[in-house]
Amino acid sequence: MEERMLYTPAQAAEVLGVHQRTIYRMIASGEFSRVVDVRRKGAAKSRTRIRREDLMKHVDRQTRTVA
């Protein structure tokens, strides 16, 4: 997958190897410090995007050293 600045929840789930519902739970619990709300003018529904930086921070927090 190409490196991008913003990921949809489905793309973020693919990167992390989890289900898309897990990403929405992580967003709701504040696991990602910020999410981007991409909304087209006049559209009622928002389009959530997750910053690449926040995905990588999550990976760093979850990484542990194995002896």
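All values reported here derive from a predicted model rather than from experimental measurement.
- Rounding to the nearest 0.5 Å gives a distance of 11.5 Å between CZ of Arg52 and CG of Asp54.
- Sorted pairs that involve residues 18-28 and meet side-chain hydrogen bond (donor to acceptor under 3.5 Å, both in side chains), not counting sequence neighbours, are lacking altogether.
- Remark: Leu6 pairs with Val36, Arg49, Arg51 by the side-chain contact (heavy atoms from CB on, under 4.5 Å) rule, at least two apart or across chains.
- Here CG of Leu16 is found 5.5 Å from CE of Met26. Values are rounded to the nearest 0.5 Å.
- Exactly one residue among Val18, Val35, Val15 makes a side-chain contact (heavy atoms from CB on, under 4.5 Å) with Ile23. That residue is Val18.
- Pairing each heavy atom of Ile50 with each of Ala12, the nearest pair is CD1-CB, 3.8 Å.
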